[in-house]
There are 2 protein chains.
Amino acid sequence: MDTLTAINKFREHVELYVPMNDAEWQILSPLLEVSHLKKKKNFAEPGKVCTQIGLIVKGSVRYFNVKDGEEITGYFSFENELLSSYKSFLTGAPGLNYIQALEDTQIVALNYKAMQQAYAHELIGHKMERFGRLVAEHYLICYEDRVTSFLTQTPEERYNKLLETGGEVLQRIPQHYIANFLGITPVSLSRIRRRIMKISA
Amino acid sequence: MDTLTAINKFREHVELYVPMNDAEWQILSPLLEVSHLKKKKNFAEPGKVCTQIGLIVKGSVRYFNVKDGEEITGYFSFENELLSSYKSFLTGAPGLNYIQALEDTQIVALNYKAMQQAYAHELIGHKMERFGRLVAEHYLICYEDRVTSFLTQTPEERYNKLLETGGEVLQRIPQHYIANFLGITPVSLSRIRRRIMKISA
DNA sequence: CATTTTTCTTATCTTTTGTTAACGTTTTGA
DNA sequence: TCAAAACGTTAACAAAAGATAAGAAAAATG
């Protein structure tokens with residue numbers, strides 16, 4: 001995808017949250033950086049500060065932690081979704097997880113400094129703060145739902161819910177990553193799948 | 001606590017995130033509502049829209065869901081912490097959980113309309129948006145950590161970590177609530193505690 | 001296109017958790 | 001103050017999940 005098209009995707013994404021006129025866009029757009037991430041390359045790594053928040057305009061990524069030498073996948077992001085190692089980006093502390101491209105991926109990003117510039121800008125600052133707030137609120141709600149699912153649902157219930165709602169993830173992602181995402185082992189997910197098969201058959 | 005002292009606590013809380021001068025405070029403070037919640041009374045209930053976000057100036061609350069007639073406690077909030085059924089407050093959709101006073105509790109709150117007024121205000125809007133953003137980011141990080149703990153740690157590890165860091169919760173909260181918070185049953189937590197006792201003894 | 005590598009399932013065994021119930025203790029509230 | 005409710009622990013059993021290993025199928029890679 002060419003750079004202009006990519007950058008315009010960022011504008012579309014912002015406009016999901018706040019309206020943005022051309023004058024405002026002229027201020028924001030020069031702050032953006034377009035980058036490419038080859039499959040298996042990392043957007044973020046443990047021990048390093050994540051300096052960017054980005055929009056995936058093409059491709060997909062996987063979030064994972066490494067514990068006792070094992071990868072534990074926690075999340076995925078696809079086209080038209082934001083990505084960042086949020087805690088690291090927001091606090092400036094080193095991150096704890098990898099964000100790795102599942103396929104060749106194109107990203108339009110703001111670095112931390114540019115983001116702060118945008119927030120502080122006399123013309124677009126108020127609007128950008130609102131954008132930042134609405135984005136944070138959106139992900140807050142996602143996380144709230146996820147925590148609730150861990151507290152109130154069994155792994156099997158979580159998987160069934162994912163079957164209903166999780167379109168893209170289920171098609172494009174290996175099962176053992178999904179198992180991690182659900183908080184269980186791949187072997188356990190395989191057993192759950194067999195239980196469900198038997199019931200519905 | 002008298003109303004003025006309570007309201008000033010709200011100002012102190014805002015100033016943890018953004019500076020606020022007297023003129024700005026004169027605009028914000030009239031939007032606040034002070035309320036009291038007797039022990040066991042609900043701040044939020046499933047099926048009802050949570051219309052307020054509040055600061056606990058005295059007391060504490062418990063968040064819980066009811067599944068199959070059983071209460072599952074997901075979180076606690078204490079003095080000088082914000083409370084809301086965020087998803088409901090932010091989206092206007094009916095909430096899914098109870099927020100209930102653990103003791104007689106005093107709350108300084110903004111209702112949704114007042115919050116939107118503050119965000120849109122020509123003088124304090126930018127600052128309030130930033131406050132809202134920083135608060136959402138703060139809780140986003142809390143939730144991110146919590147999800148990670150479910151994915152990468154065993155219940156026993158989660159409990160050990162809570163023992164290290166969870167000061168107030170451990171002193172003031174019954175164990176079966178803590179078990180729920182950790183995603184396990186009270187019986188299971190009791191067994192974990194015995195295992196830990198044996199090792200450290 | 002051949003060969004690694006990855007992915008998924010299955011089996012076995014162990015460990016942990018859930019469930020239910022009982023018991024003594026503490027707290028609550030009428 | 002006294003009865004009822006709530007709380008924490010323990011036991012016994014069932015159900016589920018983790019660990020490990022093996023094997024077949026599918027996909028990736030040179």
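Reminder, nothing fancy here: chain letters follow the sequence lines and each chain counts from 1.
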statement: Rounded to whole Å, the CG-P distance (L102(A) to dT7(C)) equals 10 Å
field: Length of the CG-P vector between D104(B) and dT28(C), whole Å
entry: 13 Å
- prompt: For the helix from dC1(C)-dG30(D) to dA30(C)-dT1(D), what angle lies between the axis at the first five pairs and the axis at the last five pairs, to 10 degrees?
  reply: 60°
With sequence neighbours excluded, residues passing ring-ring contact (aromatic ring centres under 6.0 Å, His included) with Y63(A): Y75(A)
field: Residues forming a salt bridge (charged side-chain N to carboxylate O under 4.0 Å, His left out) with R62(A), sequence neighbours excluded
entry: E71(A)
message: Going by side chain to side chain contact (heavy atoms under 4.5 Å, CB included), name the residues that satisfy it together with Y98(B), two or more places apart in sequence or in a different chain.
response: N42(B), E45(B), P46(B), F64(B), V66(B)
message: How many whole angstroms separate atom OH of Y159(A) from atom P of dC8(C)?
response: 10 Å
- line: Residues at least two apart in sequence or cross-chain that pass side chain to side chain contact (heavy atoms under 4.5 Å, CB included) with P174(B), listed by chain then number, are H176(B), Y177(B)
Non-neighbouring partners of E103(A) that pass salt bridge (charged side-chain N to carboxylate O under 4.0 Å, His left out), sequence neighbours left out: R172(A)
message: Measure CD/Q171(A) against C1'/dT7(C) and give the value in whole Å, please.
response: 16 Å
Less than 3.5 Å apart, which donor and acceptor atoms pair up between the side chains of residues 183-193 of chain A and the rest of the protein, not counting sequence neighbours?
residue : atom : partner : partner atom : Å
T185(A) : OG1  : S188(A) : N            : 3.2
R193(A) : NH1  : Y159(A) : OH           : 2.9
R193(A) : NH2  : Q175(A) : OE1          : 3.4

Hey, can you pull the donor-acceptor pairs under 3.5 Å for the side chains in residues 25-41 of chain B, sequence neighbours left out?
residue : atom : partner : partner atom : Å
S29(B)  : OG   : W25(B)  : O            : 2.8
E33(B)  : OE1  : Q52(B)  : NE2          : 2.8
E33(B)  : OE2  : N111(B) : ND2          : 2.9

query: What is the distance from CD of E157(A) to P of dA15(D), rounded to the nearest Å?
result: 17 Å
- line: Heavy-atom contacts, protein to nucleotides 17-27 of chain D, under 4.0 Å, summarised as B (base), S (sugar-phosphate only) or - (none) per nt, yield BBBB-------
message: Without decimals, in angstroms, what is the distance between E70(B) CD and dC7(D) P?
response: 13 Å
statement: side chain to side chain contact (heavy atoms under 4.5 Å, CB included) filter on K9(A), not counting sequence neighbours, yields M1(A), L55(A), V57(A), N80(A)
Distance-only side-chain donor-acceptor flag, N8(B) / T5(B), under 3.5 Å: no
- prompt: Closer than 4.0 Å, any side-chain N/O of R193(B) to the OP1 or OP2 of dT9(D)?
  reply: yes
- prompt: Counting just side-chain N and O atoms, does H176(B) come under 4.0 Å of either OP1 or OP2 of dG8(D)?
  reply: yes
- request: Check the pair H126(A) / R130(B) against side-chain contact (heavy atoms from CB on, under 4.5 Å), numbers first and verdict last.
  value: CA-CA 8 Å; H126(A) 189 165; R130(B) 172 165 295 196; over 6 Å; no
- prompt: In whole Å, what is the span from the CD atom of Q175(B) to the P atom of dT9(D)?
  reply: 5 Å
Polar atom pairs between nucleotides 28-30 of chain D and protein, under 3.5 Å, N or O only, would you list them?
none

field: Any residue meeting side chain to side chain contact (heavy atoms under 4.5 Å, CB included) with S88(B), in chain and number order, not counting sequence neighbours
entry: V49(B), C50(B), S85(B)
- prompt: For E71(A) and dT7(C), what is the distance between atoms CD and C1' respectively, to the nearest whole Å?
  reply: 14 Å
